[in-house]
Amino acid sequence: MGIDEWPELAMNSRDPVYLQVVRHFKELIATGWLEAGQHVPSRRELAARMKINPNTAQKAYKEMEEQQLIVTEGNSPSRITSDAATLRSIRSELLGEAVQAFVESVRRLDAPVEELVELVREKYGRGEAAAEPSEGGPLP
Amino acid sequence: MKTNLIALLKLADLEIRRFRGILLGLMALVALIQLGGLSMVTRTRLSQIESQIERSGMTLAEFKLQNSGLSLLELLGELDGVTGVAIACCIVVVAAYTLIIWYRDWFGRASFAYRLLMLPHPRFLLYLSKLAAILTFVFSLFAWQIVIVAGQMLLYHVQIPHQLRIERTFIDTIRSTDLVIFIPVRLTEFLLVYGLGLVIVLLLFTTALLERSYRLKGLLGGLALSAAAFVLLVWLWAGAEDRGSFLYPTELLALFIGVLLVSAAAALWLGWRLLRGKVSV
Amino acid sequence: MIEVSDIRKKYRRKQVLGGVSFQAQKGQITSLIGLNGAGKSTVLKAIMGLTPIDGGSIRIGGQAISPAAYNTIAFIPDRLTMPGSMRLRDGLQFMADFYPRWNPARAEDLMSFFRLERGEKIGRLSKGTAMKFNLVLGMAQDVDYVLMDEPFSGIDLFSRELIAEVFTSQLVEDRGVLITTHEIGDIEHLIDHAVLLDQGRVVRDFDCEQMREEHGKSVIDVMREVYRG
Amino acid sequence: MKKYGYSIGLAALSALVLIGYVAAASADRKPPYRLTTEEGDAAVMNGFVLDGLGSRLTADGGRERTGSRFLSAPFHDLMEPDHYYSERNELILAHRSFMRGHRMDDSYYRDDATVIGADLDDERSTIDVRLLDRASGGVRELEVPIELPAGTKQSDFHSYNRSIVDVQLENGRIHLLVRGDYSPLTEGQRLWVYEDHIVDSASGERVGTVEVFRNAPETELPRETTVELIEEVRQMDASGIVMLNVKRLKHDDGTNQEQPSPPLLQEWRLVGYDYASGETWELPKAGMDRLKQGLEPRLHGGILYAFKEHIEKPVIHFLDPRSGEAAAEPLPLEESDIPQRSVRLQDGRIYDNFLAGKKPTVVVYDEASRRVLYRGSVEQADPRAEPVDYKYFSLNFYGK
C-alpha cells in the first residue's frame with residue numbers, strides 16, 4: 001500500500017492532532033483498509049502524508065503502541081496488531097463512539113426510540129443501496 | 001587561523017568584484033582625460049610651432065636652438081586643471097565608496113548585512129575584507145596613474161619630432177607635476193600621505209559602523225571622533241610650520257605619527273567591538 | 001535548546017521587548033505568535049545576534065551567540081539576504097564557500113523541490129520564490145536550530161503549501177524550529193509549542209497538543225482570547 | 001580559479017607596476033648633479049651647501065634631493081639655511097635643549113665659553129636674556145625691563161615695534177642693542193631709536209643705557225628717514241662695534257601718475273657705535289665717497305666691506321670703519337656670466353658663488369693672502385637631467 005494512496009485525514013484544530021491520527025488509524029483498521037499485521041508507514045512518511053510534523057507522528061505511534069494497536073519488534077517497522085480481540089474492540093469502540101455522538105445530538109429533539117430506529121434503518125438502507133451501484137456517489 | 005584567512009580572501013574578492021565596474025570606469029575616464037588631453041594639447045602646440053616656422057622660414061633645428069624645444073612638462077602643465085579633475089574624481093568616488101561599501105549591505109531590496117553578520121567567522125573579517133578592497137582600489141588607481149604617465153611619455157615620443165624633444169627621466173616627470181602629491185617619489189612622503197589616507201578610511205569605516213549601531217548619535221560620535229583626530233593632526237602639522245613652538249618639528253612629526261597610529265588603533269578596536277556586539281540590522 | 005531569558009530592548013524610546021522569556025526545545029517546532037509590531041522579528045534577530053539587546057540573556061545550546069554558534073543555528077529572515085546582482089547559483093556557491101555545515105546535496109534536493117532556476121538573478125525573484133530560495137539557504141545547513149521569520153506572509157497559496165511540506169519533512173526532524181507568524185491558520189497543527197507575544201511581552205506559552213487535550217482549544221482560540229478579549 | 005581571476009589579476013598587476021615604480025624611485029634617490037672640486041681643499045667648504053634644481057650638494061660629494069615634499073615638508077629641525085638663520089642651525093645641533101622653543105629669538109651671541117640669547121616681546125616690554133655656560137651646560141635667565149625712549153610717552157604713538165638687533169659680551173657686560181620703530185599718532189614720520197641696554201652678566205643688574213641713535217623727525221611728508229643696522233655679518237660672533245646705515249629719502253610726491261619715480265637719496269650717513277666706550281661717530285667723507293660709487297657696506301671682524309654684490313664683476317673694498325680709509329687693497333672677484341651671485345664673509349675667508357662657464361661655481365679666497373683656497377663647480381651627472389647651464393644654485397651655510 002503506497003503512502004500516496006493513504007486516505008486523506010480532515011483535521012480539526014481543537015482535538016489533539018495525535019489523537020485524531022490514532023482515530024484515523026482505528027477507522028482504517030475498522031473499515032479493513034489496514035489489515036492485521038500489515039506494516040505501517042514510517043514516522044517520516046506518515047508526517048509527510050498527514051501534513052503533520054514528525055514529532056506529532058511520533059507521538060501518535062507511541063499512543064497506538066500504548067493502546068496496542070501496533071506492535072514494534074526490534075527496530076524493524078511497526079505492524080498493525082493481529083490480536084483479534086484488540087481488532088474487534090476497535091470496531092465496537094468506534095461504533096459506540098459514533099452512536100454516542102448521534103444519541104447525544106438527537107436526545108435534545110426528545111424523539112421516541114422506535115422512530116429513531118426506523119429512521120436509521122431507512123437512511124442506512126438507502127445509504128447502503130446508494131453506495132453499492134456507483135462507487136463515486138456523493139459523500140453522505 | 002587558516003580558515004579565517006581563506007574566508008577573508010574570499011570576502012575581499014567578493015567586495016572587489018562588486019566594485020569592478022566602477023573601478024574600470026574610473027580607470028577609463030582617467031586614461032581618456034590624461035592621454036586624450038595630452039595628444040590634443042600636443043597637436044595644437046605642434047601646429048602653432050609649424051605655422052610659426054613657416055612664417056619665419058627657420059628650420060626645426062634653428063627653432064629648437066631659439067626656444068629650447070617643447071618639454072613634456074610644459075605640455076602637462078597645460079593639462080594640470082584637467083588632470084586635477086580626473087584625480088579628484090577618483091578620490092571622491094573611492095572616498096564615497098568607503099561609506100557605500102557598508103551601507104549597500106544594509107539598504108536596497110536585499111539585506112546582505114543579515115548574511116554577512118551570520119557568517120561562522122569572526123565578524124572583524126568583514127571590516128578587514130572591506131578595508132582590503134578599498135586599499136586594492138586605491139593602489140590599483142595608483143598603479144594605473146603610473147601606467148598613464150608612462151603612456152604620456154610614450155605619446156610624447158611618438159608625437160613630438162625628435163628635434164624638439166627634451167629628455168626627462170620618468171621620476172623627474174612625475175616629480176615636476178602636481179601629481180607628486182598622490183604619486184610620491186619619496187618614501188617618507190608616501191608613508192605619511194597614505195598613512196593619513198588609511199586613517200581617514202578607518203575613521204570613515206568606524207563612523208559608518210557607529211551609525212549602524214547607534215543611528216544618529218553614533219554618526220555624530222563618529223564624525224566628532226574623526227574631526228578631533230583631523231584637527232589634532234592639522235594642529236601638529238601647523239605647529240611644525242611655526243618655528244617658535246616649544247616642540248621641535250621632528251618631535252611634532254613623532255607625535256603626528258603617534259596620533260595616526262592611535263587613531264588607527266582606536267578605529268580598528270572600536271570597529272571590532274561594534275561589529276562583535278553593537279551593530280544592528 | 002534556545003533559552004531566552006528576560007530580554008529587553010528599547011528602540012527610539014519605544015519598549016520593543018519588555019522582558020521576554022521562553023524556550024525553544026531542540027526537536028520541537030515552536031511558534032512565536034503576535035500581531036504586527038509585537039516584537040517577533042526583533043526576538044529572532046536578537047537570538048541571532050543581529051541586533052543588540054538592552055538586557056536579559058540568550059543561550060543557544062548553553063552557549064551565548066558567537067560566530068561559531070552560526071554553525072549550529074540558521075536564520076531565514078523575511079527578506080532576501082543575498083545581493084540582487086547575484087544569481088541563484090552564486091548564492092549557493094557563497095554558502096558553500098563560507099558555511100562548513102553547508103549540505104550541497106540537500107541544497108540540490110530543495111532547489112528541485114521548489115523548482116528554482118539556478119541561472120536566475122536574485123534581484124528579480126518574486127516574493128514567493130525569494131522566500132523559497134531563502135528556505136533553501138536556511139534549510140540546507142546541517143544545523144540544530146532553524147529560525148524562520150513569517151515564512152508564509154504575502155505568499156501565493158501553492159508556494160505556501162509547498163513551504164508547509166518542508167515542516168513535515170525530515171528537514172525538520174529532531175531540529176529546533178522557531179517560526180514567527182501572525183496568522184497561524186495553515187500551520188496550526190504543525191507546531192508543537194506556541195508562545196504568544198503582545199506589546200513586547202509573553203502573554204501565553206503553552207504546548208499545543210496539551211492545550212487541545214486539556215482545554216479543547218485550538219491555538220487560534222487562544223489567540224482570540226488574548227488579542228480580542 | 002576563474003572566479004577569483006579578476007581580484008588576483010588586479011592585485012598582481014598593480015603590485016607589479018608598484019614594484020617597478022619603487023625600483024625607479026629608489027634609483028632616482030640621488031640627484032643627477034655633483035659639486036666637483038676643481039682646485040684647492042674642499043675642507044674649507046665644510047658646513048656649506050649649494051641648493052638648486054631640487055638638489056643639495058656639498059663639496060665632499062654629498063648629493064641629496066630636496067623638494068617634492070608636502071606633508072613631510074615642515075618636519076625638519078634645522079631652519080631654512082638662508083643667510084639669516086644659517087648660524088642658528090649650529091646652535092640647534094650643538095645645544096638642542098637650550099634652543100628648545102627659542103629658535104626664533106631676536107638675537108644671539110656666542111663665544112667659546114657662553115651663548116647668550118635675547119628676545120623682546122612687546123606685550124611685556126622686558127627683555128628675556130638667557131645665558132648658557134657652554135662648559136657646564138648651566139642656563140641662567142635674566143629679565144631686563146625697558147622704557148619708552150626718553151621724552152616720549154605711550155600716547156605719542158599709535159603703534160611701535162621693538163626688537164633686539166645685536167647682543168655682545170665685553171668684559172662681563174652684556175650689551176643688548178634695541179631697535180625701536182615708533183609710528184607717531186599724527187601723520188608725521190616714523191621715529192627710529194637705537195638704544196644699548198648694558199647689564200652686568202654676573203649680577204644681572206642694569207649698568208646703564210646708551211642712546212646710540214635717534215633720527216630727527218621729518219617735517220614734510222614725502223621725506224623719509226630709513227635706518228638699517230650694519231651688524232657683524234656673522235651675527236653671533238663677537239664684534240666690538242656696530243654701524244647704522246642712515247638714509248634720508250625724498251619720495252616722488254605722486255604728481256605724475258604713470259610712472260612714480262624711485263625715491264631720491266637726499267642724505268646718506270653711516271653712524272658707528274663702540275660697545276666698550278659707548279662712543280658714536282660718523283664715517284668720514286673719504287669712506288662715504290667710496291660707498292657712494294654704488295657699494296653696499298657690510299661689517300665683519302671690525303672691517304667695513306663695501307661692494308656691489310649683484311653685478312658681473314664686483315670689487316670688494318676694505319675700509320676702516322672709523323677713518324673710512326682703505327684698510328686693505330680692493331679684491332676684484334672673477335667675472336660671472338649673469339649678475340646673480342652671493343658673497344659670504346666667514347672665518348677670514350671670502351666665499352664667492354657665481355656662474356662661470358655657464359656653470360654654478362664657488363671660489364673661496366683667503367682674505368689676507370688673497371689666495372684661492374677652493375674652487376668647485378656643479379656638474380651634470382645624467383645627460384637626461386635638466387642641464388645646469390645658467391641655472392643659479394644658492395650658497396647656504398648649514399652649520400658644521
Side-chain angles (χ1 to χ4, degrees), chain B residues 9-10 12-17 20 23 68 71 132-133 136-137 139-144 146-147 150 166-172 174-176 180-181 183-193 195-196 236-254 256, chain D residues 3-29 31-32 53-54 64-80 85 88 92 96-97 99-105 119 121 382-387 389-390:
Chain B
L9 292 177
K10 284 181 179 169
D13 167 67
L14 181 74
E15 292 294 348
I16 289 171
R17 266 185 298 117
R20 65 178 188 277
L23 186 68
S68 71
S71 82
T136 309
F137 303 146
F139 285 114
S140 326
L141 289 171
F142 184 104
W144 183 243
I146 290 169
V147 168
I166 298 177
E167 292 303 329
R168 294 306 292 278
T169 67
F170 179 77
I171 298 290
D172 258 349
I174 290 188
R175 167 180 293 118
S176 325
V180 82
I181 301 175
I183 318 282
V185 287
R186 312 173 68 85
L187 183 61
T188 48
E189 196 58 25
F190 172 82
L191 294 177
L192 274 179
V193 170
L196 183 62
L236 288 173
W237 195 76
E241 291 267 332
D242 145 32
R243 287 293 170 204
S245 70
F246 179 75
L247 292 174
Y248 279 98
T250 41
E251 289 156 359
L252 288 170
L253 175 63
F256 189 89
Chain D
K3 212 155 89 70
Y4 305 119
Y6 175 80
S7 308
I8 293 172
L10 185 68
L13 286 177
S14 303
L16 218 60
V17 170
L18 290 182
I19 289 166
Y21 178 67
V22 165
S26 55
D28 171 83
R29 255 203 328 280
L53 289 177
E64 181 206 340
R65 286 252 184 218
T66 59
S68 60
R69 260 200 295 263
F70 294 93
L71 218 50
S72 56
F75 293 119
H76 297 285
D77 285 351
L78 295 188
M79 300 165 60
E80 290 319 309
Y85 286 127
R88 292 213 179 169
I92 293 173
R96 188 175 171 82
S97 56
M99 292 299 283
R100 176 182 291 282
H102 287 281
R103 293 177 297 151
M104 296 288 279
D105 279 6
D119 192 41
D121 48 33
D382 173 353
R384 282 177 308 169
E386 206 175 332
D389 303 353
Y390 300 107

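Each chain gets a letter, A, B and so on, in the order the sequences are listed, and its residues count up from 1. What you see is a predicted model, and the numbers here were worked out from it, not measured in a lab.
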Return the OH to CG distance between Y4(D) and L9(B), rounded to the nearest 0.5 Å.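 Reported value, rounded in 0.5 Å steps: 9.0 Å.
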
Is any side-chain heavy atom of [Y] closer than 4.5 Å to one of [X]?
| X | Y | result |
| --- | --- | --- |
| D13(B) | Y6(D) | no |
| L71(D) | I181(B) | no |
| W144(B) | V17(D) | no |
| V22(D) | F190(B) | no |
| T250(B) | F75(D) | no |
| L18(D) | I146(B) | yes |
| P74(D) | W237(B) | yes |
| S68(D) | R186(B) | yes |

For a side-chain contact (heavy atoms from CB on, under 4.5 Å) check, start with the C-alpha distance between D172(B) and E386(D), then their side-chain angles and the critical distance, and finish with the verdict. CA-CA 9 Å; D172(B) 258 349; E386(D) 206 175 332; over 6 Å; no

Among L196(B), V147(B), L14(B), I183(B), which residue forms the greatest number of heavy-atom pairs with chain D at distances under 4.5 Å?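 The residue among L196(B), V147(B), L14(B), I183(B) with the greatest pair count is I183(B).
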
So which of V180(B), I16(B), L191(B), L253(B) has the biggest tally of heavy-atom pairs under 4.5 Å with chain D?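 That would be L253(B).
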
Stepwise side-chain contact (heavy atoms from CB on, under 4.5 Å) test for D28(D) and F170(B): CA-CA 9 Å; D28(D) 171 83; F170(B) 179 77; over 6 Å; no

If you draw the axis of the six-membered ring of Y248(B), does the NZ or CZ of R100(D) fall within 45° of it and under 6.0 Å from the ring centre?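 The answer is no; the distance or angle limit is not met.
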
Is it the side chain or the backbone of I166(B) that comes within 4.5 Å of chain D heavy atoms, both, or neither?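 Neither part; nothing is under 4.5 Å.
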
Does the E167(B) side chain pair with the main chain of P383(D), one donor and one acceptor, at a distance under 3.5 Å?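 Side chain of E167(B) to backbone of P383(D): no pair is present.
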
Which portion of R29(D) sits near chain B, non-hydrogen atoms under 4.5 angstrom: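 Neither part, no heavy atoms under 4.5 Å.
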
Quick one: closest heavy-atom pair of R69(D) and E189(B), and the distance?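 Closest approach of R69(D) to E189(B): CA-OE1, 3.8 Å.
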
